[in-house]
Amino acid sequence: MNCKRLLSAVGAIGLLALTGNVARASSHSDAPLIKQDPQVNLTDVYAFVGMRGTTKVLNVIVNVHPFCEPGDGVTYDRFADDALYSIHITDPRTAHLLRTYNFRFSPVNSGFKNSNTILSYGLGTEVGAIQHVNDARQNFTQTYTLTKVVGSDVTQLGMGLLIPPPNVGVRTTPYYNDPVTGKAISGATSRDTLDRYTAETVYDLPTGETVFAGSREDSFFADAPGVFDLLDPRILGTSLGQGGGGVDGFKGFNVLTYSIQIPISDLPSLKYVAPFTGKATGVGVYASVSRQRTTLRGSNGSVSSGNWVQVNRLGNPLFNELLVAMKDKDRYNMTSPSGDYKNFAQYATNPELAVLINTVFGTKFVGTGRVDLASVYIPDVIKVNTAAGPVPLVGQGGSRLSFIGGDTTNGAASGWPNGRRLGDDVVDIALTAVASGPTYSSITVVGDNVPENDQTYNYVFPYAATPHAGARHSKDSGINRD
């Protein structure tokens, strides 16, 4: 079904009055093995076309380590120094690998300015609030190296790039926070209005890319707890005759983020069929994290060696978590998306989720032959139409429902499943597709009653919102609790 026909059907039933849903975290707890290794557990991948000055760019933002507690001192969360964090650019049709950007991070237990203190932040060779990234009061500073791999060619793009401190609180990292409430300030519309720590760690590289890595607020929003309590009726709206009242299970948490802007002129452009909208040209995007094959642990720490082994991957939201059966979840994480047609296509074409909803609520959603879902998820890379213009951001004219909400750019969906922006309500979009396909002759709107994130995103790279403060955030028990 083409985009115009779908939008017409949507408009006929007043889709913009959306209420309700049914789904889970994007990829926060997708498989048994990776659940035990949170530092390398990917949660979300975002990929969308934007502008950096007069340069058209592909933005890729990757979140890892779910449920980072903002106040988890004394160490706070850091990127694993023995892992390889990767962003992959592929053929959108086959997932054939075209290039990879690899992020490697410095050790988590060395490089302190002062090892004779319990504090990582607020006391190095001086005591007090951190004024600038890596100053004398930021005792520990992690750095990273970025390389680009194209075939057998490896190019180092940057090294010694600084990561900002976590948002400890207004007394230690004041430039993240409102001086009165102590809570994080977000919503920057230019690099000049980003908080000082973030602005100081956004790097424009000589090779044309712009990068950032560090702590961010968790960009995902959904009533995951209600979904997995056998589809608690609070998550369903009037579409299925139920009450509302979804609760954002990710409110108040942070993640670790690594991200890049790539000039589109530097990328290949391949023909493919975009889900729901037809012919397009662009690339596929997915992320992975790998660990070396062997780790030896001793009294002086651990040593890793051997080939890199992929332990987690993520493209589109919700696939492994909501569609892939338990027996294949770990295998999915350890394989390449180029094998998805053979190994995992059945989970998109025959979604168990539709069967579960039918069983619990007596609906008759189609649970077999879902070629429409396969066009989104197989291979599991985010397909981005780079030939389209820069897309409007959610919160600046873009609809959280993407093309279902009438939001298109040059005839293509502005958001997921044509790329993915921060703020795209992927749960509502995905569940409406499950309920309405494969023909879309009528639209059944379902959702989780969580329509937006608990924090305002930034509207400039790295886009992800300012991390919640350890001492004051949206789920704490302090005097400034929401």
Side-chain angles (χ1 to χ4, degrees), residues 25-26 28 42-48 50 59-72 76-77 163-170 173-178 181-202 210-222 248-261 317 391-398 400 415-416 420-427 450-476 480-482:
S26 182
H28 289 59
L42 297 162
T43 70
D44 291 279
V45 179
Y46 303 87
F48 57 94
N59 297 289
V60 183
I61 298 99
V62 181
N63 291 342
V64 66
H65 195 329
F67 304 111
C68 289
E69 169 56 49
D72 188 18
Y76 299 90
D77 289 301
I163 292 173
N167 189 354
V168 177
V170 69
T173 50
Y175 297 105
Y176 279 131
N177 304 305
D178 183 292
T181 67
K183 291 187 177 182
I185 299 173
S186 200
T189 56
S190 67
R191 191 180 297 188
D192 291 340
T193 56
L194 283 169
D195 68 86
R196 177 182 294 182
Y197 310 117
T198 301
E200 290 182 347
T201 49
V202 173
T210 296
V211 292
F212 169 86
S215 176
R216 296 281 93 185
E217 185 268 347
D218 191 339
S219 308
F220 188 67
F221 52 96
D248 184 1
F250 308 93
K251 180 180 180 180
F253 288 105
N254 291 333
V255 291
L256 297 174
T257 297
Y258 62 102
S259 55
I260 190 168
Q261 284 186 325
V391 297
L393 300 176
V394 177
Q396 287 190 325
R400 69 182 178 90
W416 191 70
R420 182 186 177 190
R421 305 165 298 185
L422 287 85
D424 281 344
D425 197 337
V426 296
V427 169
V450 181
E452 61 185 359
N453 192 36
D454 63 307
Q455 174 67 293
T456 302
Y457 302 116
N458 288 308
Y459 299 111
V460 62
F461 185 82
Y463 295 101
T466 307
H468 289 294
R472 289 288 186 271
H473 50 78
S474 57
K475 61 179 179 59
D476 74 3
N480 292 310
R481 184 179 181 179
D482 286 343

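Index from 1, following the sequence.
- Across Thr466, Asn167, Asn453, a single residue satisfies side chain to side chain donor-acceptor pair (under 3.5 Å) together with Glu217, and that is Asn453.
- Between Phe220 and Phe250, the ring planes lie perpendicular to each other; the angle is over 60°, past the 30° to 60° tilted range.
- Each of Val202, Thr257, Asn59 was evaluated against Pro462; a single residue qualifies, Val202, per the side chain to side chain contact (heavy atoms under 4.5 Å, CB included) test.
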Stepwise, does the ring-ring contact (aromatic ring centres under 6.0 Å, His included) test hold for Phe212 with Tyr258?
-> CA-CA 6 Å; Phe212 169 86; Tyr258 62 102; over 10 Å; no
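- A salt bridge does not link Asp454 to Lys251: none of the charged nitrogens lies less than 4.0 Å from a carboxylate oxygen.
- Put simply, CG on Asp44 and CZ on Arg420 are 4.5 Å apart, with the number rounded to the nearest 0.5 Å.
- Under the 30°/60° scheme for interplanar angles, the aromatic rings of Tyr175 and Tyr197 are found to stand perpendicular.
- Aromatic pair Tyr457/Tyr463: centroids not less than 6.0 angstrom apart.
- Thr189 OG1 to Leu194 CG: the interatomic distance, rounded to the nearest 0.5 Å, is 9.0 Å.
- Rounded to the nearest 0.5 Å, atoms CG (Asn177) and CD1 (Ile185) are 7.0 Å apart.
- Using modelled atom types, no side-chain atom of Asn254 and backbone atom of Asp218 make a donor-acceptor pair closer than 3.5 Å.
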Please step through side chain to side chain contact (heavy atoms under 4.5 Å, CB included) for the pair Phe67 and Thr43, ending with a clear verdict.
-> CA-CA 10 Å; Phe67 304 111; Thr43 70; over 6 Å; no
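- Taking NE2 from His28 and CG from Leu42, the interatomic distance works out to 11.0 Å, rounded to the nearest 0.5 Å.
- Between atom CZ of residue Arg421 and atom OG of residue Ser219 there is a gap of 14.0 Å, rounded to the nearest 0.5 Å.
- How far OG of Ser186 is from CG of Asp178: 12.5 Å, rounded to the nearest 0.5 Å.
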Show your working on side chain to side chain contact (heavy atoms under 4.5 Å, CB included) between Thr198 and Arg216 and close with a plain yes or no.
-> CA-CA 10 Å; Thr198 301; Arg216 296 281 93 185; 2.6 Å; yes
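- Here the side chains of Leu393 and Leu422 are not in contact, with every heavy-atom distance at 4.5 Å or above.
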